[in-house]
Amino acid sequence: MRKCIAGEKLRLLWRFLKVGCVLLLVTMVTYVSRELWYRHTPKTVTRKPLVQETEVDYGCLYTVLKPVGVSKTWQTLSLIIRRTTNPTQCLKIESKINTTVTNFLPGASTFRVQAFGSREMATGSVRHLGNDTYNATVRLTFEDEYIIMIIITYVNNASLEFRSHVRPILQHVRGSPMDIKVALGVSPLDYTRYCTQKEAGTKPGRWVECGSINGIENCGPWQMDPVYEFDQIHGFHWLPYDCQLHHYTDQEIKKCFAKNSWKEIVFTGDSHMRYRTYHWVTRLYGACHGCIKTHIKMVFDKIPRIEWMFDARGTRWPISFKNISLPNELYVHPKTRRSMFSKEFPQSLFDGNLFMLNFGHWVLRESTYIQFAKSKLRAYVKAIKTLNRTGDPRRFIWINTVSLPWRQDKAVEEWLENPSPSRVAQWNEISDRVMKENGVQIVDAFQISNSRIGATHDQTHYAKRFDRGYCGGVVENAISNTIANALCNFDI
């Protein structure tokens with residue numbers, strides 16, 4: 001009897017073990033199948049956005065007032081931007097700002113002014129008058145209807161972006177966009193004359209439709225080819241207000257360079273100067289099939305000989321000469337590639353006859369110290385003057401730093417890939433003053449690019465290499481033509 005009971009218990013235990021094993025096996029198979037399924041199924045990952053969406057209507061803080069009286073051509077259109085008088089909504093916004101920053105600072109906001117007509121595109125300027133009131137000005141020259149946009153870009157001096165990216169606001173203020181009808185006014189008597197060399201690079205200007213003004217040269221192939229118009233705006237060219245630029249052909253530039261014995265041309269700077277070199281190779285050689293991406297140098301051994309040398313922070317010029325002291329370099333991010341900034345130039349570089357120079361963006365990515373910028377620029381120009389005291393006379397052109405569009409992608413979030421236009425403008429104000437004080441000729445590439453800030457091909461560069469061997473872009477083409485006028489206009 002006891003044996004039967006014991007046997008029955010063993011059979012029951014065995015059944016439980018079998019059921020347990022089956023359940024364990026089913027569980028394991030289910031788990032493995034589930035893992036395999038998810039491994040081969042695309043995952044939908046909810047990630048924190050690289051840039052926080054703007055939740056606040058900052059544009060409510062300011063209102064632009066329509067101008068009083070009739071606006072006329074060639075006169076400066078003046079607009080007042082002031083704090084919005086309706087406090088119920090905007091005070092809540094100011095309160096929200098005060099919870100995220102130390103305080104809302106009057107007079108510390110930044111604006112962008114743009115005017116678009118059927119035959120003209122212009123960018124204006126804004127200055128603080130006091131009491132958080134601003135004056136926006138822009139000069140319009142056609143009897144036409146314009147759309148005027150006043151866009152708030154930053155508050156609390158955030159446009160300086162010290163060592164970190166600040167998301168731009170980019171919102172219309174109250175009253176923007178507005179339609180303005182411009183009536184016919186009195187035009188200057190001599191605005192169709194050709195700019196002198198000194199005027200060509202620095203005279204204020206705007207983008208004008210080709211062939212729209214009597215007495216102004218019509219556009220050439222470099223201005224009219226739509227392949228270069230990365231912003232899809234066709235048929236406009238850069239034109240100063242007070243004089244005009246000659247549209248140089250490639251052959252005319254070659255003759256000018258030969259006449260001045262510029263047989264060796266040197267470009268130094270960052271990737272913007274590298275693309276600029278490729279563009280000039282296209283203009284002087286007919287094509288740039290050998291143009292490749294490089295971070296060191298490129299040499300084109302034809303006539304004239306063209307060389308580009310990497311010097312993105314303006315360090316290599318001073319250290320190539322004895323007894324020129326440099327400020328202590330500020331390196332914050334490993335992408336600054338210290339080794340490339342600390343080497344002297346090869347002596348062959350100084351055999352050049354014509355030098356086109358720039359640096360700026362890489363400095364702005366890591367520092368906004370004004371004294372540091374001035375010290376770097378003074379050491380830089382001292383090296384230029386030291387070289388120019390030896391051998392045959394050389395020609396130097398400072399092409400100031402181009403304006404760049406605001407970016408919100410990962411490259412900008414992790415590092416200041418594109419400094420804000422306000423930071424670039426601040427740098428150019430310093431660099432242009434230093435160059436002018438030391439007799440270095442300036443070409444204002446900033447104003448040319450700032451009016452067509454959307455005409456980059458990759459959100460950073462205004463020139464692009466094409467399969468057919470050309471390199472150019474509507475803005476870069478305008479800059480090169482301005483340089484040609486600044487170098488060659490005595491031949492007109």
Side-chain angles (χ1 to χ4, degrees), residues 195-203 248 253 256-270 272-274 276-277 279-281 283-284 297 299 304-321 324 326 344-360 363 373-402 427-446 448 479-491:
C195 301
T196 64
Q197 289 187 41
K198 186 177 180 180
E199 293 173 324
T202 55
K203 277 287 185 180
Y248 276 89
I253 293 176
C256 168
F257 282 22
K259 180 178 179 179
N260 287 277
S261 299
W262 294 328
K263 298 178 182 179
E264 297 193 26
I265 306 170
V266 174
F267 296 79
T268 65
D270 57 16
H272 293 277
M273 290 301 287
R274 172 166 53 84
R276 185 160 294 141
T277 305
H279 173 67
W280 278 91
V281 169
R283 297 210 65 167
L284 295 173
K297 70 175 184 178
V299 177
R305 182 182 184 272
I306 299 175
E307 181 173 0
W308 169 75
M309 190 70 69
F310 184 79
D311 186 24
R313 290 178 61 100
T315 307
R316 301 183 68 182
W317 269 95
I319 65 174
S320 298
F321 298 89
I324 298 180
L326 271 170
E344 298 178 2
F345 280 136
Q347 288 300 308
S348 60
L349 182 103
F350 302 129
D351 294 333
N353 318 115
L354 174 62
F355 292 81
M356 301 192 196
L357 313 171
N358 171 264
F359 72 96
V363 175
K374 288 181 178 178
S375 297
K376 281 189 70 71
L377 287 161
R378 286 168 181 156
Y380 188 90
V381 79
K382 187 176 181 180
I384 293 172
K385 295 172 74 174
T386 300
L387 174 63
N388 209 28
R389 287 195 293 265
T390 63
D392 296 328
R394 301 170 177 86
R395 187 73 175 268
F396 297 89
I397 294 280
W398 173 258
I399 306 165
N400 71 10
T401 305
V402 293
W427 166 263
N428 283 333
E429 183 180 356
I430 299 170
S431 66
D432 290 1
R433 188 185 306 118
V434 171
M435 296 301 163
K436 185 177 180 181
E437 290 172 353
N438 288 275
V440 179
Q441 190 175 4
I442 302 165
V443 168
D444 190 354
F446 178 84
I448 299 173
I479 293 172
S480 73
N481 189 64
T482 304
I483 294 171
N485 278 260
L487 291 171
C488 305
N489 265 13
F490 51 77
D491 289 331

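- Taking the centre of each ring, Trp262 and Phe355 stay at or above the 6.0 Å mark.
- Looking only at side-chain heavy atoms (C-beta outward), Glu264 and Glu307 stay at 4.5 Å or farther from each other.
- Between Phe359 and Trp398, the angle of the ring planes goes over 60°, which puts this pair in the perpendicular group of the 30/60° scheme.
- For the pair Gly352 and Val266, the tightest heavy-atom approach, listed with the atom from each and the gap, is CA-CG2, 4.0 Å.
- Taking CG of Asp432 as the start and CE of Met435 as the end, the distance is 8.5 Å to the nearest 0.5 Å.
- Of all heavy-atom pairs between Leu377 and Ser431, the closest is CD1-CA, 3.5 Å.
- When every heavy atom of Ile399 is checked against every heavy atom of Ala445, the shortest pair comes out as CG2-CB, 3.8 Å.
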### Query
side chain to side chain contact (heavy atoms under 4.5 Å, CB included) between Ile265 and Trp280: does it pass, once the steps are laid out?
CA-CA 10 Å; Ile265 306 170; Trp280 278 91; 5.9 Å; no
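- In summary, of the residues considered (Arg395, Gln197, Lys198), a side chain to side chain donor-acceptor pair (under 3.5 Å) with Gln441 occurs for Arg395 alone.
- Minimum heavy-atom separation, Met309 to Pro346: CE-CG, 3.6 Å.
- Between the CG atom of Leu354 and the CZ atom of Phe396 there is a distance of 9.5 Å, given to the nearest 0.5 Å.
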### Task
Apply side chain to side chain contact (heavy atoms under 4.5 Å, CB included) to Lys376 and Val434, showing your working.
CA-CA 10 Å; Lys376 281 189 70 71; Val434 171; over 6 Å; no
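- Salt bridge absent: Glu437 and Arg433 never bring a charged side-chain N and a carboxylate O closer than 4.0 Å.
- Looking only at side-chain heavy atoms (C-beta outward), Ser480 and Arg276 stay at 4.5 Å or farther from each other.
- Thr401 and Asn358 form a side-chain donor-acceptor contact under 3.5 Å, judged by distance and modelled atom types alone.
- Looking only at side-chain heavy atoms (C-beta outward), Leu357 and Trp317 come within less than 4.5 Å of each other.
- Ring centroid separation for the pair Phe350 and Phe321 comes in under the 6.0 Å cut-off.
- Summarising the geometry of Arg394 relative to Leu387, their closest heavy-atom pair is NH1-O, 2.9 Å, with the distance given to 0.1 Å.
- Tyr248 places a side-chain N or O within donor-acceptor distance of the main-chain N or O of Cys488, the cut-off being under 3.5 Å.
- Between Asn438 and Tyr380, the side chains place no donor N or O within less than 3.5 Å of an acceptor N or O (distance only, hydrogens not considered).
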### Message
I'd like to know whether Val443 forms a side chain to side chain contact (heavy atoms under 4.5 Å, CB included) with Asn400, so could you lay out the CA-CA distance, the side-chain angles of the two residues, the decisive distance to 0.1 Å, and finally the verdict.
### Response
CA-CA 6 Å; Val443 168; Asn400 71 10; over 6 Å; no
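- To the nearest 0.5 Å, atom CG of residue Leu326 and atom OG of residue Ser375 are 9.5 Å apart.
- At a cut-off of 3.5 Å, with distance as the only test, a side-chain donor of Asn485 or Asn489 sits close to an acceptor on the other residue.
- Here the closest non-hydrogen pair linking Ile324 and Ala379 is CG2-O, 3.8 Å.
- Expressed to the nearest 0.5 Å, how far CE of Met356 lies from CZ of Phe267 amounts to 4.0 Å.
- Atom CZ in Arg305 sits 11.0 Å away from atom CG in Asn353 (nearest 0.5 Å).
- Thr268 and Trp308 are not linked by any side-chain donor-acceptor pair at a separation below 3.5 angstrom, with hydrogens and angles left out of the test.
- One finds the CZ atom of Arg316 at 8.5 Å from the CZ atom of Phe310 (value rounded to the nearest 0.5 Å).
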### Task
Walk me through it: do Val402 and Ile448 pass the test side chain to side chain contact (heavy atoms under 4.5 Å, CB included)?
CA-CA 8 Å; Val402 293; Ile448 299 173; over 6 Å; no
